[in-house]
Amino acid sequence: MPGLSLTEAIRRLLTIASQNAFALLLQPGGFYDSSVARISLPDKLGGERGTGILSVVLQSRQFRDRLQRQLNRAAEKGAERAAPLVADAVRNLSIEDAASVVRGGPQAATSFLRGKMGPALLEAMLPGISDGLRLFDDQIISQAVRSVAGFDVAALAQDITRKADDSIWAAIGLEESAIRTNPQKTNDPLLIGVFGLTR
């Protein structure tokens with residue numbers, strides 16, 4: 001197919017994949033309920049690689065679950081700011097070698113777009129996530145931060161922003177993979193024509 005058609009196919013692929021991903025992530029509980037996008041607790045708050053003796057409050061499973069839900073809600077606020085940026089980037093995407101992206105792996109277009117956007121989502125999301133942490137602070141977040149020396153809400157916001165960025169791209173990549181696997185489900189003749197041929 002001509003290069004222009006391949007470029008348009010990639011734009012449509014990324015448009016549908018990102019719209020589907022954000023539709024899931026921006027629902028109430030969208031991050032927390034996702035096996036791909038759920039934000040883990042920072043290491044200093046007893047996350048996956050947390051070490052050392054945690055304060056009594058952070059050892060409580062119930063407290064940690066409530067804290068994790070709050071952090072995931074804050075990530076939703078960041079994603080609200082990220083969604084229009086991704087849509088604009090897809091619309092204005094220049095693709096030097098569309099054929100290699102089409103023939104690439106199951107998440108090749110997502111990886112390409114992420115590389116093109118660089119840290120744009122991180123910069124856009126941080127203020128929203130910081131606001132989200134303040135908005136949803138029912139003393140849980142403050143209590144957690146107070147229990148760890150040298151850890152503050154700004155550091156927490158940065159940690160959540162980095163994880164939300166990874167989560168958003170993982171969710172978009174998952175949707176891209178699904179479209180590549182079954183382009184017929186999109187009912188888009190161009191996507192069916194391009195990705196139906198590459199399998």
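All residue numbers refer to positions in the sequence shown, counting from 1.
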**Request:** Starting from the C-alpha separation in whole Å, work towards a yes-or-no answer on side chain to side chain contact (heavy atoms under 4.5 Å, CB included) for Glu175 and Ile16.
**Result:** CA-CA 8 Å; Glu175 294 294 334; Ile16 295 170; over 6 Å; no
Approximate separation, where rounding is to 0.5 Å, of [X] [atom1] and [Y] [atom2]:
| X | Y | atom1 | atom2 | answer |
| --- | --- | --- | --- | --- |
| Asp188 | Arg12 | CG | CZ | 4.5 Å |
| Ile179 | Ile192 | CD1 | CD1 | 11.5 Å |
| Ser18 | Leu13 | OG | CG | 9.0 Å |
| Leu126 | Gln158 | CG | CD | 6.0 Å |
| Leu25 | Asn20 | CG | CG | 11.0 Å |
| Arg66 | Arg69 | CZ | CZ | 11.0 Å |

Is there a continuous path of hydrophobic side-chain contacts, each under 4.5 Å between heavy atoms, that joins [X] to [Y]?
| X | Y | value |
| --- | --- | --- |
| Leu26 | Leu14 | yes |
| Leu190 | Leu6 | yes |
| Val153 | Ile39 | yes |
| Phe112 | Ile172 | yes |
| Leu133 | Phe63 | yes |

Check [Y] with [X], please: is the shortest side-chain N to carboxylate O separation under 4.0 Å?
| X | Y | answer |
| --- | --- | --- |
| Asp65 | Arg61 | yes |
| Asp166 | Lys163 | no |
| Arg73 | Glu76 | no |
| Asp97 | Arg103 | no |

**Request:** Give the intermediate values and the outcome of side chain to side chain contact (heavy atoms under 4.5 Å, CB included) for residues Leu122 and Arg162.
**Result:** CA-CA 7 Å; Leu122 290 167; Arg162 282 191 299 272; 4.3 Å; yes
Distance-only criterion, 3.5 Å: show the donor-acceptor pairs between side-chain atoms of residues 81-96 and protein atoms not counting sequence neighbours.
| from | atom 1 | to | atom 2 | distance (Å) |
| --- | --- | --- | --- | --- |
| Asp88 | OD1 | Arg91 | NH2 | 2.2 |
| Asn92 | ND2 | Asp88 | O | 3.0 |
| Glu96 | OE2 | Lys116 | NZ | 2.8 |

**Request:** Test side chain to side chain contact (heavy atoms under 4.5 Å, CB included) on Asp165 and Arg114 and set out the steps.
**Result:** CA-CA 10 Å; Asp165 183 61; Arg114 186 176 190 177; 3.0 Å; yes
Taking all heavy atoms of [X] and all of [Y], pick out the closest pair and write down the distance.
| X | Y | result |
| --- | --- | --- |
| Arg180 | Val102 | NH1-O, 2.8 Å |
| Ala37 | Ser34 | N-OG, 2.9 Å |
| Ala9 | Val194 | CB-CG2, 3.8 Å |
| Gly132 | Ala74 | C-CB, 3.9 Å |
| Val101 | Ala109 | CG1-CA, 3.7 Å |
| Pro42 | Asp159 | CG-OD1, 3.4 Å |

Do [X] and [Y] touch side chain to side chain, with heavy atoms closer than 4.5 Å?
| X | Y | value |
| --- | --- | --- |
| Phe195 | Thr186 | no |
| Met125 | Ile168 | yes |
| Lys77 | Ile129 | no |

**Asked** Just checking, Arg38 and Phe31: is the charged tip under 6.0 Å from the six-membered ring centre and within 45° of the axis?
**Response**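 Not satisfied by the 6.0 Å and 45° rule.
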**Request:** Under the side chain to side chain contact (heavy atoms under 4.5 Å, CB included) rule, what do Leu156 and Leu71 come out as? Steps first, then yes or no, please.
**Result:** CA-CA 9 Å; Leu156 181 60; Leu71 301 185; 3.9 Å; yes
